[in-house]
Amino acid sequence: MARDAEVFAGGVAVITGAGSGIGAGIARRCGALGMTVVVAEINHAAAQQTVDQIVTAGGKAEAIIVDVSKPEELDRLAAEVFARHGALRLLVNNAGIETIGYTWELSAARWEATLDINLHGVIHGVRAFVPRMIESGEECWIANLSSVGGFSAMPAQTAYIVTKHAVEALSECLYLEMEVKRLPIHVSSVIPGMLRTNIFNAEGGAGEPGSAGSHRRKMFEMMRDYGMDLDEGCRVIVEGIAENRFWVHSQPDMSRDIIAGRIAFFESQQPPTLSDQVRHLVEG
Ligand SMILES: NC(=O)c1ccc[n+]([C@@H]2O[C@H](COP(=O)([O-])OP(=O)(O)OC[C@H]3O[C@@H](n4cnc5c(N)ncnc54)[C@H](O)[C@@H]3O)[C@@H](O)[C@H]2O)c1
């Protein structure tokens with residue numbers, strides 16, 4: 001039996017932001033592996049769509065509406081999941097938004113939303129679930145969504161990039177905390193390269209400055225034309241989590257190039273440089 005089916009079949013999975021994109025893809029994969037999937041999502045219709053897809057395919061799923069930017073909602077989610085199911089095998093802190101705009105042009109509200117969803121949502125997901133996981137005494141898995149953007153700098157995607165560097169740091173420290181406390185909780189840092197999702201759709205840009213429009217559109221087109229197939233990417237991701245890997249890359253070659261660039265940047269101790277490709281993307 002494949003490792004992912006072996007460790008995950010029969011368990012419960014909570015996946016935040018599972019109404020679309022990577023969260024939905026991971027949810028479908030978990031459903032196909034025989035997990036009971038809790039689709040934790042802010043958008044009711046999107047959550048129900050993922051639940052329907054899993055159930056139609058013969059799996060088990062339920063929706064819980066949650067806004068991960070509110071710590072008390074993650075407490076409620078954790079309490080509800082443990083009250084209903086008694087245990088949790090897999091937590092995927094996936095919900096996230098892209099934000100485009102220069103640091104000084106973004107509204108305070110958009111800055112706060114980006115930090116609250118992408119970073120605080122992951123922190124409070126961990127804070128709400130881990131004590132219950134410890135109490136259950138069972139082997140569990142936590143996967144946090146970082147990005148290749150967690151190893152790079154990108155002007156006008158600053159808010160997003162800040163959160164992904166921070167989530168990467170959180171996952172590394174959390175992994176070590178599990179080691180210190182000798183807990184049976186595996187931690188993975190998921191690094192998608194580029195998977196075809198809705199993250200650069202125009203509707204996601206509400207509240208961004210007007211200058212963000214062409215940057216968002218170019219990113220959307222790049223993802224549409226060159227992004228990896230979503231379900232294949234999510235199959236690779238779930239397999240990596242089940243293998244207890246800390247690093248889980250959807251596109252390892254892309255990750256390797258970006259990480260190599262980061263190491264070279266640190267070693268050179270030169271200021272950041274702007275490539276022609278990035279200048280074209282940002283300048284419109
Ligand atoms: N798609 C990629 O190539 C890529 C690359 C690197 C990292 N990521 C990361 O993967 C994760 C998923 O991104 P995606 O591309 O699937 O995006 P997506 O926009 O397709 O899906 C994100 C989902 O999160 C939900 N969501 C947003 N705010 C929420 C909130 N406050 N509470 C609960 N749910 C909320 C949305 O409704 C949506 O269903 C994000 O953390 C993103 O940063 C994606």
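All values reported here derive from a predicted model rather than from experimental measurement. In listed order, ligands and their atoms are each counted from 1. For the numbers below, each heavy atom of this structure counts, side chains included, while hydrogens, waters and symmetry mates do not. Starting from 1, each residue takes its place in the sequence as its number.
The pair D276-R279 fails the salt-bridge criterion, with no side-chain N (NZ, NE, NH1 or NH2) lying under 4.0 Å from an Asp/Glu carboxylate O. Note on R76 versus E72: no salt bridge recorded, every NZ/NE/NH1/NH2 to OD/OE distance being 4.0 Å or above. The pair R110-E208 meets the salt-bridge criterion, with a side-chain N (NZ, NE, NH1 or NH2) lying under 4.0 Å from an Asp/Glu carboxylate O. With respect to the salt-bridge test (charged N to carboxylate O, under 4.0 angstrom), the residues E80 and R84 qualify. Of the charged side-chain nitrogens involved, at least one lies within less than 4.0 Å of a carboxylate oxygen, so that R235 and E232 count as a salt-bridged pair.
Judged purely by atom type and a 3.5 angstrom limit, N94 uses its side chain to pair as donor or acceptor with the backbone of G17. Using modelled atom types, one side-chain atom of R3 and one backbone atom of A242 make a donor-acceptor pair closer than 3.5 Å. Here the side chain of N198 pairs no donor or acceptor atom with the backbone of N201 at under 3.5 angstrom. With hydrogens and angles disregarded, a donor-acceptor distance shorter than 3.5 Å links the side chain of Q251 to the backbone of G193. Judged by distance alone, with hydrogens and angles left aside, the side-chain atoms of N118 form a donor-acceptor pair with the main-chain N or O of I97 at under 3.5 Å.
Taking distance alone, with nitrogen or oxygen atoms compared against 3.5 Å, K164 approaches ligand 1 more closely than that limit.
Of all the atoms in ligand 1, the ones that sit under 4.0 Å from a non-hydrogen atom of G21 are 16 (O), 20 (O). Within the listing of ligand 1, atoms 1 (N), 2 (C), 3 (O) sit less than 4.0 angstrom from a heavy atom of M223. Each of the atoms 39 (O) of ligand 1 lies under 4.0 Å from some heavy atom of G19. Per-residue contacts place M194 under 4.0 angstrom from the following atoms of ligand 1 (heavy atoms of the residue considered): 3 (O). Residue I22 approaches ligand 1 through these ligand atoms, each under 4.0 Å from one of its heavy atoms: 1 (N), 2 (C), 4 (C), 10 (O), 16 (O), 44 (C). Near V66, the atoms of ligand 1 lying under 4.0 angstrom from a non-hydrogen atom of the residue are 32 (N), 33 (C). Listed by atom number, the atoms of ligand 1 under 4.0 Å from L145 heavy atoms are 10 (O), 41 (O). Under a 4.0 Å criterion applied to the non-hydrogen atoms of S146, ligand 1 contributes the atoms 7 (C).
Closest to atom 18 (P) of ligand 1 among all protein heavy atoms lies S20 OG, 3.6 Å. Shortest contact from atom 27 (C) of ligand 1 to any protein heavy atom: I97 CG2, 4.1 Å. Atom 22 (C) of ligand 1 has its closest protein heavy atom at G96 O, 3.8 Å. When only non-hydrogen protein atoms are considered, atom 12 (C) of ligand 1 lies nearest to N94 OD1, 3.2 Å. Looking at atom 25 (C) of ligand 1, its nearest protein heavy atom turns out to be E41 OE1, 3.3 Å. Distance from atom 35 (C) of ligand 1 to its nearest protein heavy atom, with residue and atom name: I42 CG2, 3.6 Å. Nearest to atom 24 (O) of ligand 1 among the protein's heavy atoms is G17 CA, 3.4 Å. Protein heavy atom closest to atom 17 (O) of ligand 1, with residue, atom name and distance, is I199 CB, 3.6 Å.
Of the heavy atoms in N201, none comes closer than 4.0 Å to ligand 1. Residue N198 touches ligand 1 through backbone and side chain together, judged by heavy-atom distances below 4.0 Å. Contacts of P192 with ligand 1, taken as heavy-atom pairs under 4.0 Å, involve both backbone and side chain.
Closest to atom 31 (N) of ligand 1 by heavy atom, among N93, D67, L77, is D67.
Counting heavy-atom neighbours within 6.0 Å of F82 CZ, excluding the residue itself, gives a total above 12. Heavy atoms from other residues, nucleotides or ligands lying under 6.0 Å from CD of E6 number more than 12.
Residue G193 places a heavy atom under 4.0 Å from ligand 1.
Scored by the salt bridge (charged side-chain N to carboxylate O under 4.0 Å, His left out) test, D52 finds no partners at all (sequence neighbours excluded).
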